[in-house]
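Input: a single structure, listed below in C-alpha cells.
Residue numbers start from 1 in every chain, and the chains themselves are labelled A, B, ... in the order their sequence lines are given, proteins ahead of strands.
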Amino acid sequence: MRVRFAPSPTGALHIGGARAALYNWLMARGSGGTMVLRIEDTDRERSTPENVDQILDALAWLQIDYDEGPISQVQRSARHEEVLQQLLADGHAYRSTATGEDVKAYKAQHGADKGFRGTPEAEGAVRLRVPDDGATVVHDLVRGDTTFQHVHLDDPVIARADGTALYNFAVAVDDADAQITHVVRGEDHLSNTPKQLLVYVAMGVEPPLFAHLPLLHGPDGKKLSKRHGAASVQELRDAGYLPAAVRNYLALLGWGDTDDETLISTEELVRRFDVTRVAKNPARFDEQKLRWMNGRYLRELSLDELTAALEEYTGRAGLRDAVQISREKIQTLADFWPLSGFIFDGPGEDEKAKAKWLTDAGRGALVDAHDALAGLDTWELEPIEAALQGVVAAREVKPKDVFQPVRVALAGTAVSPGIFETLQVIGQEESLARIQAAAATAA
RNA sequence: GCCGCUAUCGUCUAGGGGACUAGGACGCCGCCCUCUCACGGCGGAAACCGGAGUUCGAAUCUCCGUAGCGGUACCA
C-alpha cells in the first residue's frame with residue numbers, strides 16, 4: 001500500500017488536513033506500506049515557503065512521519081510538461097483560448113445536458129478532451145460508487161497557456177508516477193475525481209483506489225475557521241493539547257470502530273483503523289471532548305513527563321512539586337499556570353475572593369493558622385494538616401472557614417490545589433509571610 | 001442554475017431488515033467523595049429529518065421532499 005498526504009501550502013495546517021494526514025499515516029503504518037508527502041504548490045500566488053514550514057512543523061508535532069518526500073509539485077513541472085505534450089500529441093488534450101465566459105455562453109446555448117467541448121486551436125490553455133458519451137465511475141472506499149455522466153462534464157483546463165500544470169492534472173500525474181495505491185483525502189475533491197480519472201485513462205495508467213473523507217465543520221455546523229478557536233494544529237499546540245490526545249480525538253472524528261472504546265492509543269489505532277468504516281457525514285469539531293480527552297492523556301503521563309511538557313510549555317523551571325499537586329485539576333498544559341502560578345509568582349488579585357474570605361473571622365483564622373504553622377519543626381504534609389485541623393477544632397468552625405482564608409492568603413484566589421499540599425510546596429517561611437500579609441489587609 | 005455527496009441524543013458515534021425498551025463517549029443534571037476547583041464513583045434526561053413505498057416486520061432497502069455541504073477557476 002502506498003498512500004500520500006498532499007497539502008497545498010496556502011495557510012496553516014487545519015485539523016481537517018491533519019485528520020487526512022493521520023488517516024493516511026494510520027493506513028500506511030497499519031499495513032507496512034509507504035507514506036508519501038507531497039506539497040501541492042502549483043498555485044504560485046498563495047504558496048509560500050513559510051506555509052510549507054508550518055505544515056512540516058505541524059506534522060512533526062503530531063508525530064506523523066513520512067517515508068518519501070516532501071516532494072514539491074512545481075519541481076515536477078518538466079514531467080508534467082512531458083505528459084502534457086503526449087496528451088496533446090495523441091489527441092487526449094487540445095489547446096483552446098476559450099474563457100470561462102465562453103464556457104458559460106456555450107452552456108447557455110446548448111443547455112445543461114451538454115458539457116463544454118472546445119475546438120482545437122494553435123494556442124491557449126490546454127483542455128482535456130472528455131468523451132461525449134458514457135460516464136466515469138468513482139469507486140470510493142467510504143462512499144461506494146458515484147457515477148458522473150460525461151455530458152455533464154466540461155472539458156477541464158489541465159494546464160495554463162504558459163504550459164504550467166493545473167491541480168487536477170498534476171495530482172493525477174504525480175499520484176500515478178508515485179504509484180499511489182490509495183488516495184485518501186477530503187470530500188471536497190470528490191467532484192474533481194472524474195477529471196483526474198480521465199487523466200489516468202488518457203495516460204493509459206491504472207488509477208488508484210479512492211477514499212473521500214467527510215468534511216469537518218465548526219461547532220455551529222459552518223465551515224471551520226479562525227473564529228471557532230483552535231482550528232489549526234498550531235493553535236491546538238498553543239492551547240496546551242498533547243499530540244497523542246489530538247491524534248486520538250481526530251481519529252474518532254469521522255471514524256468509529258465496532259466496540260465502544262473512546263480512549264485508544266496510537267498503537268491501537270494503527271492496528272484497528274479501517275478506512276472503509278469512515279463515516280460519510282460531516283463531523284463537527286467539538287473542543288470540549290478534546291479537552292476531556294486531553295485531561296485523560298495528561299494524567300497518564302508520568303510526573304517527570306508531565307513536568308517536562310509543562311516546563312517547555314511555560315518556559316519555567318523547577319515545576320515538579322507544583323505539577324504533582326496540580327495534575328488532577330488540569331485538562332490542558334495551558335490550565336497549569338493560571339491554577340498554580342501563584343506558587344512561584346505570589347498571590348493573585350481576586351478581589352471577590354478576598355472580600356468573601358478575608359473578613360474579620362477570616363483574619364482570626366489566619367492569625368491562628370499562622371501561630372499553629374509557625375510552631376512546626378517539620379514542614380511535612382501530616383503535621384501541616386494536623387496543625388490546621390487543630391485550628392478548626394479550637395475555633396469550633398467548619399473546615400472551610402479556616403482553609404479558604406488560608407487559600408486566599410496563599411493564592412489570592414478561591415481556587416487552588418489542595419491546601420496542605422500547597423503549603424508544603426510553597427515552604428514554611430514563604431507561607432507564613434503570605435498568611436501574615438493577608439491577615440494584615442483583612443477587613 | 002447545473003452536477004454530486006450527506007442526514008441516529010446538543011456533539012462524536014454504534015447499528016446494515018426481527019437480538020432496539022436504539023448502545024457507548026463528551027457535554028448537561030442529580031447524588032456520593034470533599035478544604036476550593038477538579039479527579040473519581042453512581043444515577044438521570046436526551047436521537048432514528050419529513051412523507052410515501054417494499055415487507056409478516058424498516059433506524060436499517062427504494063422513491064420523493066426538505067435541509068446542510070461540496071464541485072461547477074488558465075485555485076488547490
Quiz item: Of all of residues 337-356 of chain A, which get a heavy atom below 4.0 angstrom from RNA chain B, listed by number?
Solution: none

Quiz item: Which is true for A:Gly254 with a 4.0 Å heavy-atom rule: it touches a base, it touches only sugar-phosphate, or it touches nothing?
Solution: sugar-phosphate

Quiz item: Could you go step by step and tell me if A:Leu242 and A:Leu301 meet the side chain to side chain contact (heavy atoms under 4.5 Å, CB included) rule?
Solution: CA-CA 10 Å; A:Leu242 265 18; A:Leu301 254 34; 3.9 Å; yes

Quiz item: Applying a 3.5 Å limit to both distances, which nucleotide forms a Watson-Crick or G-U wobble pair with B:C39?
Solution: none

Quiz item: Atom CD of A:Glu421 and atom P of B:C35: how far apart are they, to the nearest Å?
Solution: 12 Å

Exercise. Tell me what A:His212 touches on the nucleic acid: a base, only sugar-phosphate, or nothing, going by heavy atoms under 4.0 Å.
Key: nothing

Practice problem: State which residues pass salt bridge (Lys or Arg N to Asp or Glu O under 4.0 Å) with A:Glu430; sequence neighbours excluded, sorted by chain then number. | Solution: A:Arg434

Practice problem: Sticking with atom C1', work out how far B:U62 lies from B:U55, rounded to a whole angstrom. | Solution: 12 Å

Exercise. Please measure how far the P atom in B:A25 lies from the corresponding atom in B:C75, and state the result in whole Å.
Key: 50 Å

Exercise. Please state the P separation for the pair B:A7 and B:G16 - nearest whole angstrom.
Key: 16 Å

Quiz prompt | Distance between C1' atoms of B:U8 and B:U13 (Å, rounded) | solution = 9 Å

Exercise. Measure from the side-chain heavy atoms of A:Asp286 and tell me the nearest of B:G10, B:A76, B:C35.
Key: B:G10

Quiz item: Is the shortest heavy-atom distance from the side chain of A:Ser8 to the side chain of A:Asp41 under 4.5 Å?
Solution: no

Quiz item: Could you state the CD-C1' distance from A:Glu385 to B:C35, rounded to the nearest angstrom?
Solution: 9 Å

Self-check item: Proximal nucleotide (of B:C35, B:A25, B:G27) relative to the A:Thr262 side chain
Solution: B:A25

Quiz item: Does A:Asn192 get its side chain close enough to the base of B:G71, under 3.5 Å, for a donor-acceptor pair?
Solution: no

Practice problem: May I ask you to verify if any side-chain N or O of A:Arg299 is less than 4.0 angstrom from the OP1 or OP2 atom of B:A38? | Solution: no

Practice problem: Could you work out which one of B:C75, B:G15, B:G70 sits closest to the side chain of A:Arg277? | Solution: B:G15

Exercise. For A:Thr42, answer base if it contacts any base atom (sugar-phosphate contacts may also be present), sugar-phosphate if it contacts only those atoms, and nothing otherwise; contact means non-hydrogen atoms under 4.0 Å.
Key: sugar-phosphate

Self-check item: Those residues that, when tested against A:Tyr200, pass ring-ring contact (aromatic ring centres under 6.0 Å, His included) (two or more places apart)
Solution: none

Exercise. Applying salt bridge (Lys or Arg N to Asp or Glu O under 4.0 Å), name anything that partners A:Asp155, two or more places apart in sequence or on another chain.
Key: A:Arg117, A:Arg129

Mind listing the N/O atom pairs, protein and nucleotides 1-9 of chain B, below 3.5 Å?
residue: B:C5; atom: O2'; partner: A:Arg143; partner atom: NH1; Å: 2.5
residue: B:C5; atom: O2'; partner: A:Glu187; partner atom: OE2; Å: 3.4

Self-check item: Salt-bridge contact A:Asp43-A:Arg46 (side-chain N to carboxylate O under 4.0 Å)
Solution: yes

Practice problem: State which residues pass ring-ring contact (aromatic ring centres under 6.0 Å, His included) with A:Trp357; sequence neighbours excluded, sorted by chain then number. | Solution: none

Practice problem: Please work out which residues in residues 321-331 of chain A have a non-hydrogen atom less than 4.0 Å from an atom of RNA chain B and list them by number. | Solution: A:Glu328, A:Lys329

Practice problem: Could you measure between the two C1' atoms, the one in B:C28 and the one in B:C69, and give it in whole Å? | Solution: 29 Å

Quiz item: When all nucleic acid strands are considered with a 4.0 Å heavy-atom cut-off, which category describes A:Lys104: base, sugar-phosphate, or nothing?
Solution: nothing

Practice problem: Using the test ring-ring contact (aromatic ring centres under 6.0 Å, His included), find all partners of A:Phe148 that sit at least two apart in sequence or belong to another chain. | Solution: none

Quiz item: Between B:A38 atom C1' and A:Phe403 atom CZ, what is the distance in whole Å?
Solution: 18 Å

Quiz item: Given the P atoms of B:G41 and B:G24, what is the spacing between them in whole Å?
Solution: 15 Å

Only pairs under 3.5 Å count here: list side-chain donor-acceptor contacts from residues 403-421 of chain A, not counting sequence neighbours, and write none if there are none.
residue: A:Gln404; atom: OE1; partner: A:Arg407; partner atom: NE; Å: 2.6
residue: A:Arg407; atom: NH1; partner: A:Ser416; partner atom: OG; Å: 2.7
residue: A:Arg407; atom: NH1; partner: A:Pro417; partner atom: O; Å: 3.1
residue: A:Thr413; atom: OG1; partner: A:Val415; partner atom: N; Å: 3.4
residue: A:Thr413; atom: OG1; partner: A:Val415; partner atom: O; Å: 2.9

Filtered N/O pairs between nucleotides 42-49 of chain B and protein, under 3.5 Å:
none

Quiz item: Quick one: do A:Lys114 and A:Asp132 make a salt bridge, cutoff under 4.0 Å?
Solution: no

Quiz item: Given B:U11, B:C35, B:C74, which nucleotide is nearest the side-chain atoms of A:Arg284?
Solution: B:U11

Quiz prompt | Nearest-neighbour nucleotide for the A:Ala283 side chain, B:G23, B:C75, B:U13 considered | solution = B:U13

Quiz prompt | Listed nucleotide nearest any side-chain atom of A:Ala161, set B:C74, B:U13, B:A76 | solution = B:C74

Practice problem: Measure from the side chain of A:Val415, starting at C-beta and using heavy atoms only, and say which of B:A76, B:C37, B:G40 lies closest. | Solution: B:C37

Self-check item: A:Ile55 CD1 to B:A76 P, straight-line distance once rounded to whole Å
Solution: 14 Å

Quiz prompt | Minimum-distance nucleotide (side-chain atoms of A:Leu215 versus B:C74, B:G70, B:G27) | solution = B:G70

Quiz item: With a 6.0 Å cut-off on ring centres, are A:Tyr23 and A:Phe273 close enough?
Solution: yes

Quiz item: Closest to the A:Lys400 side chain: B:U72, B:A25, B:C35?
Solution: B:C35

Exercise. Flag the pair A:Lys289 and A:Glu287 as a salt bridge only when some basic side-chain nitrogen lies within less than 4.0 angstrom of an acidic carboxylate oxygen.
Key: no

Quiz item: Just wondering, more than 12 heavy atoms not from A:Glu45 lying within 6.0 Å of its CD?
Solution: no

In residues 384-398 of chain A, what donor-acceptor pairs under 3.5 Å come from side-chain atoms, sequence neighbours left out?
residue: A:Arg395; atom: NH1; partner: A:Gly364; partner atom: O; Å: 3.3
residue: A:Arg395; atom: NH1; partner: A:Asp368; partner atom: OD2; Å: 2.9
residue: A:Arg395; atom: NH2; partner: A:Ala361; partner atom: O; Å: 3.3

Quiz item: With nearest nucleotides of RNA chain B determined for A:Ala98 and A:Arg296 from heavy-atom distances, which residue corresponds to the more 5′ nucleotide?
Solution: A:Arg296

Practice problem: Compare the minimum distances between each of B:C69, B:A76, B:C26 and the side chain of A:His217, then state the nucleotide with the smallest one. | Solution: B:C69

Quiz item: Do the charged groups of A:Arg363 and A:Asp360 touch, with an N to O distance under 4.0 Å?
Solution: yes

Practice problem: Would you sort out whether A:Phe344 and A:Leu319 count as a side chain to side chain contact (heavy atoms under 4.5 Å, CB included), showing the intermediate values? | Solution: CA-CA 9 Å; A:Phe344 308 95; A:Leu319 264 32; 3.8 Å; yes

Self-check item: Sugar-phosphate only, base, or nothing, as touched by A:Pro7 at under 4.0 Å among non-hydrogen atoms
Solution: nothing

Quiz item: What interatomic distance, in whole Å, is found between P of B:C5 and the corresponding atom of B:C64?
Solution: 12 Å

Practice problem: Report the base-pairing partner of B:C5 (Watson-Crick or G-U wobble, both distances below 3.5 angstrom), or none. | Solution: B:G68

Practice problem: Identify, with sequence neighbours excluded, every residue that meets salt bridge (Lys or Arg N to Asp or Glu O under 4.0 Å) alongside A:Lys195. | Solution: none

Exercise. Taking atom P in both B:U66 and B:G50, compute the distance separating them and give it to the nearest angstrom.
Key: 16 Å

